[in-house]
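Since the structure comes first, as structure tokens, the remarks are kept for the end.
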Protein chains: 2
Amino acid sequence: MSHPLIGRLERHGSLSGEEKQVLRDISSRTAVYRPREEIVPEGSTPAHSSLILSGFATRHNHSLDGKRQITAFHVPGDFADLHSFLLKKMEDGVAALTECTVAQVAHSDLKEITKNYPYLTRVLWHTTLVDAAVHRAWMTTLGRMEARERLAHFLCEMRDRLDTIGLMQDNSYELPITQEELGDAFGISTVHVNRVLQDLRAEGLITSRGKTLVINDWERLQQVGQYSSDYLHIDQKLERD
Amino acid sequence: MSHPLIGRLERHGSLSGEEKQVLRDISSRTAVYRPREEIVPEGSTPAHSSLILSGFATRHNHSLDGKRQITAFHVPGDFADLHSFLLKKMEDGVAALTECTVAQVAHSDLKEITKNYPYLTRVLWHTTLVDAAVHRAWMTTLGRMEARERLAHFLCEMRDRLDTIGLMQDNSYELPITQEELGDAFGISTVHVNRVLQDLRAEGLITSRGKTLVINDWERLQQVGQYSSDYLHIDQKLERD
DNA sequence: CGATCGCTTGATGTTTATCAATGGATGTGG
DNA sequence: CCACATCCATTGATAAACATCAAGCGATCG
């Protein structure tokens, strides 16, 4: 398996051999987490950032009265809490959805990168900006779209994100996310998620068997979700100089 | 008037004299915008980032069916579209709410900073991460809180943000935002914003005369909004070394 | 002075939450 | 291997939050 972070960053820039070696060096310490296990506790102050090498994970807040808001779903190659490098305190925790292999990148190593590798620094900064761009897209679906549009939008987003890492084939992908988690991400009750997904199936837009999701009508699903992949900045290249 | 950006960044780190001079140099080109004028058009690819020196501004998306989602309200000292330095294409536009004086910082200058001033680079990166942290807090209110809680939360947030730049006195501040704009930010119809604000007034939590907002019961307003200022990372210091 | 803007109010309809219960699938200890 | 528990998807009935439509009203402005 090629290195997920290097693969990811190479889509956003052209790394030198030295830079690739640096990335390999700082991500050599790995850990494995079981499903539902906390990778980064909510409210903690980690000394390293967690790069997902394999598996799916969530990032989530809890409101003061205990309700959970999932702020991101993470897939292999995502730097789930790179922002903790500079923000220190994690308002949002990271938890494994499936078994996850995670590289733990020391913040001290990241700081060295900012001192010696300006281009690599910009590439890493860029990944946190894409993360924020996804937040803004989700804000728009949360604030201005109905439940079926939100879910359709998300299914489109996952298709494109998984496609770039080779986890989508024939408009089908594995989505190890329960209906309760979808509800917590998109501000919908579990019951309503269930009914909306049934509608999308009944209209012939999607099929699902177990955790496998099939997109049967990509065009119409994008229309329903008012989806455009622009905000993911897939394959946007950062110039070196 | 002291320089708003330097004031802002000095709360997040300790800048050297040389670094302060660099910041002054790159933000010397200014422009003035009238209320409602676009500062950064939605979908554009600016060659510079806009730093608000004075005035209030919004950042906003439009869903494909034309509904507006406001993703941020900006106050003096905010680098409204610093993310356009690396993301290039602006999915969200910036528009003036009041008359705004804006410093236009060339992306080429920002790139030079990343090459020569690692500490300054981290401080700038940090500001984009705080921006994203606010997005996540808003996502939580959008997804998991009711209209009156969302608005109460926002009024608390503005109190603290305006306090740090000296625009809050005696639990009172100027809020040049219409009820329609509040609705577009928090996923609520204008009519409902109006009724919720009336409720908050009737309960004695706030008073408003024209654009002036007074917080009459800070404790209870925070409770209603389930607010804690942690996510704003006010006065968090980044170590130099 | 008409026009526009922002705020307000009332009446009605829709989306979605909540509560409660069921059933299949999976896993676990005895 | 079975009894039991747990998780997740599903269904029906009722209630709440909020949107939409429509109209009026004061302030401001060219």
Side-chain angles (χ1 to χ4, degrees), chain A residues 34-37 56 58 63 65-70 95-99 141-153 155 174-202 206-213 224, chain B residues 34-37 56 58 63 65-70 95-99 141-153 174-202 206-213 224-225:
Chain A
R34 310 253 75 217
R36 290 153 175 273
E37 197 175 348
F56 284 67
T58 62
S63 62
D65 65 353
K67 287 180 223 153
R68 175 173 66 165
Q69 172 70 39
I70 291 175
L97 282 171
T98 63
E99 176 164 307
T141 75
L142 281 166
R144 285 285 166 238
M145 285 162 66
E146 297 188 347
R148 64 182 247 111
E149 307 177 273
R150 287 180 216 173
L151 290 175
H153 188 278
L155 296 176
E174 297 300 302
L175 191 68
I177 301 177
T178 67
Q179 295 183 354
E180 184 180 2
E181 285 150 355
L182 286 175
D184 284 347
F186 299 105
I188 310 165
S189 70
T190 309
V191 171
H192 201 56
V193 170
N194 184 282
R195 296 198 231 257
V196 168
L197 288 178
Q198 285 183 59
D199 287 348
L200 293 177
R201 285 193 288 251
I206 60 171
T207 314
S208 56
R209 285 175 237 102
K211 294 295 169 207
T212 305
L213 188 110
V224 169
Chain B
R34 308 255 76 215
R36 289 150 176 276
E37 196 174 349
F56 284 67
T58 62
S63 62
D65 66 353
K67 287 179 224 156
R68 175 173 66 165
Q69 173 69 40
I70 291 175
L97 283 170
T98 62
E99 177 164 305
T141 75
L142 281 167
R144 285 285 166 238
M145 285 163 65
E146 297 187 347
R148 63 182 248 111
E149 307 177 273
R150 287 180 217 171
L151 289 176
H153 188 278
E174 298 300 302
L175 191 69
I177 300 177
T178 66
Q179 296 184 351
E180 184 179 4
E181 285 150 356
L182 286 175
D184 284 347
F186 298 104
I188 311 164
S189 69
T190 309
V191 171
H192 202 57
V193 170
N194 184 284
R195 295 197 233 256
V196 168
L197 288 178
Q198 285 182 59
D199 286 349
L200 294 177
R201 284 192 289 250
I206 60 170
T207 314
S208 56
R209 286 176 234 100
K211 294 296 169 206
T212 304
L213 188 111
V224 170

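Convention: sequence-line order gives letters A, B, ...; per-chain numbering from 1.
For the atom pair CD1 (A:Ile206) and CD (A:Gln198), the distance works out to 10.5 Å, reported to the nearest 0.5 Å. Here B:Glu149 contributes atom CD and B:Thr141 contributes atom OG1; the two are 9.5 Å apart, rounded to the nearest 0.5 Å. With rounding to the nearest 0.5 angstrom, the CG atom of B:Leu197 is 10.5 Å from the NE2 atom of B:His192.
B:Glu180 and B:Thr190 form no side-chain donor-acceptor contact under 3.5 Å, judged by distance and modelled atom types alone. Side-chain contact check for B:Arg201 and B:Ser208: at least one donor-acceptor pair (N or O, by modelled atom type) lies under 3.5 Å.
Taking every heavy atom of both residues into account, A:Leu200 and A:Ala152 meet most closely at CD1-N, 4.4 Å.
A heavy-atom distance below 4.5 Å is found between the side chains of B:Gln69 and B:Leu142. Contact check for A:Lys211 versus A:Leu175: no side-chain heavy atoms found under the 4.5 Å cut-off. In this structure, the side chains of A:Met145 and B:Lys67 stay at 4.5 Å or more apart for every pair of heavy atoms.
When the C1' atoms of four end pairs are superposed on the next four at each end of the helix from C:dC1-D:dG30 to C:dG30-D:dC1, using five pairs per end, the two resulting axes differ in direction by 40°, to 10°.
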- Does the salt bridge (charged side-chain N to carboxylate O under 4.0 Å, His left out) test come out yes or no for A:Arg144 and B:Asp184, once each step is laid out? CA-CA 8 Å; A:Arg144 285 285 166 238; B:Asp184 284 347; 2.8 Å; yes

- Task: Treat primed atoms plus P, OP1 and OP2 as sugar-phosphate and everything else as base, then score nucleotides 6-18 of chain C 5' to 3': B for base contact with protein heavy atoms under 4.0 Å, S for sugar-phosphate contact only, - for none.
- Result: SSBBBB---SSSB

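With a cutoff of under 4.0 Å to any heavy atom of chain B, the contacted region of DNA chain D is bounded 5' to 3' by D:dA17 to D:dC21.
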